[in-house]
Amino acid sequence: MTEQPRMVQVRQRVLKRNDVAAGMLRGRFHEAGVFVVSLVSSPGAGKTAFLERVLRGLHGPFRVAALVGDLATDNDARRLARSGAPVKQIVTGTVCHLDAEMVASALDGWTIDELDFLFLENVGNLVCPASFDLGESLRLVLFSVTEGEDKPLKYPTIFNTADVALITKTDMATAAEFDAQLAHQSIQSVRPGMEVFEVSAKTGAGVEEFLEFLRDRRAALRTYEPGEVVSKG
């Protein structure tokens, strides 16, 4: 009976510590002028395949890099590195999410003011990552047409912490009998006004539209002076 209050206290301390670290990261990112995008989804939603498309689409005209979180293996990092962008794997072991200190440690050895975009691919999970701010400029939540139109209704918290939703694997929509209108209704009922993109990493459909959105968002980013307070959003 006494365990639950202690667990709550420990969790509050962990989150407070993360918020402090995330605030410091956000300040570093803004001073450097790097636009940071994090990606969250359930396992198998196609996060890595989509990010591979994004890195290939931006690398060259822009200086891009990625940090990739997974419980085990560096498979995703090796796959993404084929884009030519610098990529590091963060192996989290039993931890089901990235936190700000993991991101800060993984940045050691990189000069972030030489980057235009930094992508943070979180561990495949629609629960734990919702509570952890990573200092990002933009958070994407992805779900695929094979997961069902009511995914946002089942996991409202992660949609409420994200800025943009992406419906992935749209090349499979017909086979999955996916109702796009119903999916959009689910998203808007949880997060009214949320911007939504429909994409396919396999065919490339919708990817250029999303890249244009990212380029516009980065162009609107202004740099901050050292020590200037930078708030989320």
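If you're wondering where the values come from, they're calculated on a predicted model, not measured in any experiment. Sequential numbering from 1 along the given sequence is applied to the chain's residues.
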When the ring planes of F197 and F210 are compared, do they come out parallel, tilted or perpendicular, using 30° and 60° as the limits?
perpendicular
Common cluster, V87/F35, ILVMFWY with side-chain heavy-atom separation under 4.5 Å:
yes
I'd like to know if the side chain of N18 and the backbone of A100 have a donor-acceptor N/O pair within less than 3.5 Å.
yes
I'd like to know if the side chain of E121 reaches the main chain of G69, judged simply by a donor and an acceptor atom lying under 3.5 Å from each other, with no hydrogens or angles considered.
no
Can you tell me how far apart CG (L214) and CD (E209) are? Round to the nearest 0.5 Å.
11.5 Å
Which ILVMFWY residues are connected to L182, directly or by a chain of links, through side-chain heavy atoms under 4.5 Å apart?
none
State the CG-CD distance between L98 and E136, to the nearest 0.5 angstrom.
10.0 Å
Each residue besides V123 in its hydrophobic cluster should be listed here, by chain and number; the cluster joins Ile, Leu, Val, Met, Phe, Trp and Tyr at side-chain heavy-atom distances under 4.5 Å.
L71
Sequence neighbours left out, what passes ring-ring contact (aromatic ring centres under 6.0 Å, His included) with F62? Give chain and number order.
F117
Going only through I, L, V, M, F, W and Y residues with side-chain contacts under 4.5 Å, is there a path from V91 to V95?
no
Residue list, ring-ring contact (aromatic ring centres under 6.0 Å, His included) with H184, at least two apart or on another chain
none
Salt bridge D133-R26, side-chain N to carboxylate O under 4.0 Å
yes
From OG1 (T203) to CG (D171), nearest 0.5 Å
5.5 Å
Spatial distance of atom OG (S186) from atom NZ (K154) [nearest 0.5 Å]
10.0 Å
I'd like to know if D116 and R63 make a salt bridge, using a cut-off of under 4.0 Å between side-chain N and carboxylate O.
yes
Kindly indicate whether the side chain of I112, heavy atoms from C-beta on, has any atom under 4.5 Å from the side chain of V36.
no
Working to the nearest 0.5 angstrom, can you tell me the gap between E52 CD and R82 CZ?
5.0 Å
Give a yes or no on whether the backbone of G33 and the side-chain of R218 come within a donor-acceptor separation of less than 3.5 Å.
yes
Approximate separation, where rounding is to 0.5 Å, of C96 SG and F132 CZ:
7.5 Å
Cluster link V141 to F178, ILVMFWY, side chain under 4.5 Å:
yes
When you group the ILVMFWY residues by side-chain heavy-atom contacts below 4.5 Å and let the links chain together, are V64 and V54 in the same group?
yes
Might you confirm whether atom CE of M24 has over 12 heavy atoms from other residues, nucleotides or ligands at distances under 6.0 Å?
no
Determine, using the 4.5 Å side-chain heavy-atom cutoff (strictly less than), whether L67 and F29 are members of one ILVMFWY cluster.
yes
Taking everything shown except R78 itself, do over 12 heavy atoms lie less than 6.0 Å from its CZ?
yes
Regarding R215 and E212, does a basic nitrogen lie under 4.0 Å from an acidic carboxylate oxygen?
yes
Using the rule given for side-chain contact (heavy atoms from CB on, under 4.5 Å), can you reason through L153 versus V190, listing the C-alpha separation, both sets of side-chain angles and the distance that settles it, and then say yes or no?
CA-CA 7 Å; L153 304 179; V190 171; 3.8 Å; yes
Those residues that, when tested against R217, pass side chain to side chain donor-acceptor pair (under 3.5 Å) (two or more places apart):
none
Quick check against the 3.5 Å criterion: does R139 have a side-chain atom that pairs as donor or acceptor with the backbone of D163?
no
Partners meeting side chain to side chain donor-acceptor pair (under 3.5 Å) with D179 (sequence neighbours left out):
none
Residues, nucleotides or ligands: over 12 heavy atoms within 6.0 Å of K202 NZ
no
